[in-house]
There are 2 protein chains.
Amino acid sequence: MSMTNNDLPVAARGRKRDPERDVAILEATIDLLAEVGYDGLSTAKVADRAQAGKGTLYRRWPTKTDLVLDAVAHMKAQQIDLEALPDTGSLRGDLLAMFRPQDGAKVDRILRAMAGVVSMISQVPGLADTGDYSIFEPWITANAVLMERAQARGEIPPTADIALAAQIIPSMAAYRALILRVAIDRDLLERLVEQVVLPALGESSFNPSPSQDGMGQDG
Amino acid sequence: MSMTNNDLPVAARGRKRDPERDVAILEATIDLLAEVGYDGLSTAKVADRAQAGKGTLYRRWPTKTDLVLDAVAHMKAQQIDLEALPDTGSLRGDLLAMFRPQDGAKVDRILRAMAGVVSMISQVPGLADTGDYSIFEPWITANAVLMERAQARGEIPPTADIALAAQIIPSMAAYRALILRVAIDRDLLERLVEQVVLPALGESSFNPSPSQDGMGQDG
DNA sequence: TAATTTCGATACCTAATAGTATCGGAACTG
DNA sequence: CAGTTCCGATACTATTAGGTATCGAAATTA
C-alpha cells in the first residue's frame, strides 16, 4: 500500500523521497492510536511527533483513514511470522512460547492500538466487512497451526474443535485490552493454556485417565 | 445518576420535568452509540432523534460524556438481573438459558453500543480505571454465580477456577462484537458451553463420572 | 549551474460540533 | 390569573481538526 513507485521508467529528477519518513510517520501513528484512539488522533499531532510536515504526510497518504489503515498493516507485518512458529515438541510449550517475556510492553502497545482501531470501525463505513484491520486474526491462525501440528502428533484427538480453541486466548486478550485496559500476563496465560485451551481440545491435563483406546501420547 | 430531585421539600412551582424525556434521550443515545460510536455521536443528533431540544438534554446532563455514561448505566440496568438467574438444575442448562432466543437483536444492539464505548475510554482520562462502563462485568458475575451453585451441588469439583471460566463466554462475545462485528449465535454458544467452559471447570462432559457426594442446595 | 522534487514548518480555509442563549408555548402552582 | 419552570426549536459562539497552499532550504539530476 506504500506509494513509493520505483516501477516506472520515469526520469525521476529532483530530491528522492525518503522511505525513513514513512516508517517514522507510521510509528508515530501507532503510538498515538494506542494513546488517544482514532478520533483523538490528529494528523497535526502525528506529523509533530514524527518530526515531519503535514505536507510530507499527505504526499504519502490521501486521508487520515488511509494512514491509520496502513499503520495497522505495518504493525501487523512486524508481528507473528507464520514461518517461524515455536516448535517445542508439546502443544503446551508451543502456546506458552508464543509469548516471550520481553514482549510484554510490545504486546501492550499493539493491543492498545487495536482499541484505537475499534473506534475507527464504527465510523468508516464498509471497514468492518474487510477485517484487514485486525491484529488478532494472524494470532488465531498461528494458534490453529500449532494445534494442527499437535493433532498430527497424536497429542490431541482428531475430533478436537481447533477453530474454536484457537480463538480462546486472543479473544481473552481482546477483552482485557479493549475493555479492562489491562495486558495479559504470564500467570493468566498459563492458566488459560492449562485449564481452558488444552481441556477444550480434549487433552484434559489435570484428569489424566485416557483409558480409552488409542493415541494417548504426550511429550 | 439521574438528575430528578424529588427529595427536597422545595415549593417546586412551574411545569414538572417529564421523566419520559429522560428515557427517550437515553435510548436515542444508545442507538447512536451503537451506530456511529462515541465520536460520531453529536448531541444535536441525539436531541433530534429523541424529538427533544438541546436545552432539555443539557438541563439533565452537563456534558456529552455524562450523558453517554448514564446511557450505558441505563442499558446495564435493563440487563441481567442477578436476583432472577435461571435455575434449570444443571450448569449446562443454566448457561444456555442465559441466552433467550428472542434476545438476539437486543444483544446485538448492546454489544455494538459497547464498541462505541471503547472509543470513549481512549479519550476520557481516568475512565478506564472505574470500569463502570462495562456491560460485560455483570454478565461475568452472573456466570460465576451459576458456577458456584453448580459447585455447591457437586456438579463441578471444588478446585474449579470459576473466576477464569466465567470470563470465557463474555470475552468471546466481546471479541466478536468489537472486532468481527458479528453477534454470537446459538450454535457457537452451545459449542462454547459444552467444549470449553464445562471442560475448563473439570466437568468433562465426555467423561461423565460425578460420583462424589454432594450438598445440593442453592440460594 | 539550473531545474525539479522533497523536506519541515506554518498559515490558511472550511466543516463539524460541544455548549449557551433565546423564544413562543405548554404545564403546573398558589 | 400570574408567576415559574419545562418543552421543542433554533440561532449563536468558540474551538477543533482534516486537508490545502506556500515558503525557504536541501537533495538530486541534467
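Convention: sequence-line order gives letters A, B, ...; per-chain numbering from 1.
Side-chain polar atoms of Q123(A) and D39(A) form a donor-acceptor pair below 3.5 angstrom.
Between dC7(C) and R60(A), a contact under 4.0 Å exists linking OP1 or OP2 to a side-chain N or O. Listed pair R13(B) / dT5(D) fails the phosphate criterion, with no side-chain N or O lying under 4.0 Å from OP1 or OP2. For the OP1/OP2 pair of dC28(C) and a distance below 4.0 Å, the side-chain nitrogens and oxygens of R17(B) include no atom meeting the criterion. The phosphate of dG8(D) has OP1 or OP2 within less than 4.0 Å of a side-chain N or O from T56(B).
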Sugar-phosphate or base contact per nucleotide [nucleotides 14-19 of chain D; S, B, -; heavy atom under 4.0 Å]: ----SB

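Taking only side-chain atoms of R59(B), from C-beta outward, the nucleotide of dC7(D), dT4(D), dA9(C) with the closest atom is dC7(D). Taking every side-chain heavy atom of K16(B) into account, dT29(C) is the closest of dG8(C), dC7(D), dT29(C).
With rounding to whole Å, L57(A) atom CG is found 13 Å from dT20(D) atom C1'. In this structure, the CZ atom of R21(B) is 16 Å from the C1' atom of dT5(D), given to the nearest Å. A straight line from CD1 of I25(B) to C1' of dA9(D) spans 14 Å, rounded to a whole angstrom. Going from atom CD of E20(B) over to atom P of dC6(D) covers 17 Å, rounded to whole Å.
Looking at R15(A), its side chain comes within 3.5 Å of the base of dT6(C) through a donor and an acceptor atom.
Atom-to-atom distance recorded for R60(A):CZ and R21(A):CZ is 8.0 Å, nearest 0.5 angstrom.
Annotation: cation-pi geometry satisfied between K64(B) and Y38(B) (NZ/CZ under 6.0 angstrom from ring centroid, within 45° of ring axis). The cationic group of K76(A) does not satisfy the cation-pi geometry with Y133(A), failing either the under 6.0 Å distance to the six-membered ring centre or the 45° limit from the ring axis.
Considering only residues two or more places apart in sequence or on other chains, Q151(A) meets the side chain to side chain donor-acceptor pair (under 3.5 Å) condition with none of them.
Of the residues listed (D132(A), V124(A), V117(A), L127(A)), the one engaging L69(A) in a side chain to side chain contact (heavy atoms under 4.5 Å, CB included) is L127(A), and it is the only one.
The ring pair (Phe, Tyr, Trp, His ring centres under 6.0 Å) pairs that include a residue from residues 165-184 of chain B are F136(A)-Y175(B), where partners are two or more places apart or lie in different chains.
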